[in-house]
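As the structure is a computational prediction, the values presented were derived from the model and not from experiment.
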Amino acid sequence: MLDIKFVRNNPDAVKKALADRAVDVYLDEFLDLDEERRKKLVEVEQLKNKRNTVSEEIGRLKKAGEPADDKITEMRSVSQSIKKMDEEIREIEEKLQKILLTIPNIPHETVPVGADEEDNEEVRRWGKPREFNFKPKPHWEIAEQLDIIDFERGSKVSGARFTFYKGAGARLERALINFMLDLHTREHGYKEVLPPFIVNADSMTGTGQLPKFAEDMFKLENTNYYLIPTAEVPVTNLYREEILPAEKLPVYHCAYSPCFRAEAGAAGRDTRGLIRQHQFNKVELVKFSYPEKSYEELEKLVENAEKVLQLLGLPYRVVNLCTGDLGFSAAKTYDIEVWLPSFNIYREISSCSNFEDFQARRANIRFRREKKSKPEFVHTLNGSGLAVGRTVAAILENYQEEDGSVSIPPVLQPYMGGITKITAEK
RNA sequence: GGAGAGAUGGCCGAGUUGGUCGAAGGCGCUCGACUCGAAAUCGAGUAGGCAGUGUUGAUCUGUCUCCAGGGUUCGAAUCCCUGUCUCUCCGCCA
């Protein structure tokens, strides 16, 4: 959510940001409503002031045993006017809030202006895609031949885009989760959290999933609960409605969680394999930062996520998302894309964003610079470190051998009970 | 699931026969005095949102906020209704 005062004072900047994102918002209507609200507010506050002073007087008169009937009658009508005006103001505020909640964040000045992913800007590459002397297979073929992932039974038991991991596949997934958590907690200074996987609507609004993106999520019927689409939601909302002591900043958390996504509107895309599932695992990194340090923190966050791929020996590139591809709440986002040989392209495996104070304002997460200074909004950041399912896919594809077996990256071997290779069971 | 109790400022905790209550008191914190310094002691200060003023986030003014949302009333932390959460006991359960 943007600062209403900022929108009021910088309508042109907001309009430009909206245009760059190709988003339609009725900003002029918003500005008119805002002005009307303030006008009415002044009026009603004057009336309230009158009510307060006269009511006090009535109390004094009654105590002294003097009559106050005429004043009471007068106040009766004043109170009625106040009630009416409060109602009008409330309606205006509701409209304002509704619009405000659907205005996306303003892109940072270093974000390239562009229409879609074609206009994203490649920042760097790491690692060289391996040259195969045979035709690399897609990960779902490898996995099925090794009998470590069962897509068909996943569909039977749940539906499309659900899978069973089995044997070494299940263990690989678990190994990756532990490897990532260990790396981020031991080497990168993140404190681990294991959050609830179900949250309420307030939390979803706090991080920006609601009200605009309700159809992307699974809602539990007859409740106010949602399955989390990412650990970003519970972990960022950890400090909702709180004022953090300055000495605690920056706060770093990492969290494993399953993620549930309805993938509405993605029918027909990535129908095979692990790339797009209704349920997948992810290790998430979340930061709460001083405003002036948040872009520094973003760079460090991306590097922390990259480190996972480097240690796993998976080639990747980092791209700076353009205005048209940028998520609703983000001011700037780096995607990390891992090399997938069978696709012959880089595919998103991590998304690291700085939300500046956009989520903090929605969720009311603040900090106090000095003991006596006013609370300010923190900046929030998060990034995948990494999406585990896609990492499994990348390992299977990049480490596959011609005989159908898959080598285990050395850093993962301790987590896999020392095995160096996944081979088909006899 | 059944029965009961409760939700007040950074924390603890008064206030529940409605009327100078944004809220006593204590702790904590900040500043000052004392001290070579510290402790102790003494004095002062110590919520947030919105709006106006100023103008750039000093000050001043108004207003709202005592879990949330409604209601009664000239006036509610105090009365009524609904919801949420917490605690205790019982039942059930991993």
B:G19 C1' sits how many Å from A:I72 CD1, rounded?
-> 12 Å
Ignoring the backbone of A:I58, work out which of B:G19, B:G71, B:G62 is nearest its side chain.
-> B:G19
Within the structure shown, what part of the strands sits under 4.0 Å from A:P245 by heavy-atom distance: base, sugar-phosphate, or nothing?
-> nothing
Side-chain donor-acceptor contact under 3.5 Å, A:N105 with A:E356 | no
Can you tell me how far C1' of B:G69 sits from CD of A:E94, to the nearest Å?
-> 13 Å
Hey, does the side chain of A:K5 come within less than 4.0 Å of B:A51's phosphate (OP1/OP2), counting only N and O?
-> yes
Atom CG of A:N364 and atom P of B:A47: how far apart are they, to the nearest Å?
-> 18 Å
Checking all strands, does A:R37 fall into the base, sugar-phosphate, or nothing category for heavy-atom contacts under 4.0 angstrom?
-> sugar-phosphate
Counting heavy atoms not belonging to A:K307, are there more than 12 under 6.0 Å from its NZ?
-> no
Options B:U20, B:C50, B:C74, nucleotide nearest the side-chain atoms of A:M75 | B:C74
How do A:D3 and A:K63 order along RNA chain B: which one's closest nucleotide is nearer the 5' end?
-> A:K63
Is any side-chain N of the basic residue among A:E263 and A:R161 closer than 4.0 Å to the acidic one's carboxylate O?
-> no
Can you tell which of B:G19, B:G52, B:U63 lies closest to the side chain of A:V42?
-> B:G52
When rounded to whole Å, the CG to P distance for the pair A:L61 and B:U20 reads 15 Å
Paired to B:C85 by Watson-Crick or G-U wobble criteria (both distances under 3.5 Å) is B:G6
Can you tell me how far C1' in B:A7 sits from the matching atom in B:U65, rounded to whole Å?
-> 16 Å
Taking atom C1' of B:C64 as reference, at what distance in whole Å does atom NZ of A:K83 sit?
-> 17 Å
Donor-acceptor side-chain pairing of A:D202 and A:T205 below 3.5 angstrom | no
Look at the rings of A:F288 and A:H253 and say which category their plane angle falls in: under 30° parallel, 30 to 60° tilted, over 60° perpendicular.
-> perpendicular
Would A:D86 and A:K48 pass as an ion pair if we require N to O under 4.0 Å?
-> yes
Just call it for A:R8: base, sugar-phosphate, or nothing, with non-hydrogen atoms closer than 4.0 Å on any strand.
-> sugar-phosphate
Heavy atoms under 4.0 Å, any strand shown: does A:K40 hit a base, just sugar-phosphate, or nothing?
-> nothing
Does B:G75 have OP1 or OP2 sitting under 4.0 Å from an N or O in the side chain of A:S79?
-> yes
Options B:C50, B:C74, B:G49, nucleotide nearest the side-chain atoms of A:R366 = B:G49
Quick one: is A:R51 getting a side-chain N or O under 4.0 Å of the B:C64 phosphate, OP1 or OP2?
-> yes
Distance check: side-chain N/O of A:N52 vs OP1/OP2 of B:G62, anything under 4.0 Å?
-> no
Are any of A:N49's side-chain N or O atoms less than 4.0 Å away from OP1 or OP2 of B:U63?
-> yes
Separation of B:U63 atom P from A:L41 atom CG, nearest Å, is 12 Å
Could you please name the option among B:U63, B:G70, B:G19 that lies closest to any side-chain atom of A:R90?
-> B:G70
Report yes if a side-chain nitrogen or oxygen of A:R38 is closer than 4.0 Å to either non-bridging phosphate oxygen (OP1 or OP2) of B:C50; otherwise report no.
-> no
Looking across every strand, which nucleic acid part, if any, lies under 4.0 Å from A:K50 by heavy atom: base, sugar-phosphate, or nothing?
-> nothing
Would you classify A:K48 as touching base, sugar-phosphate or nothing, given that sugar-phosphate means primed atoms plus P, OP1 and OP2, and contacts are heavy atoms under 4.0 Å?
-> sugar-phosphate
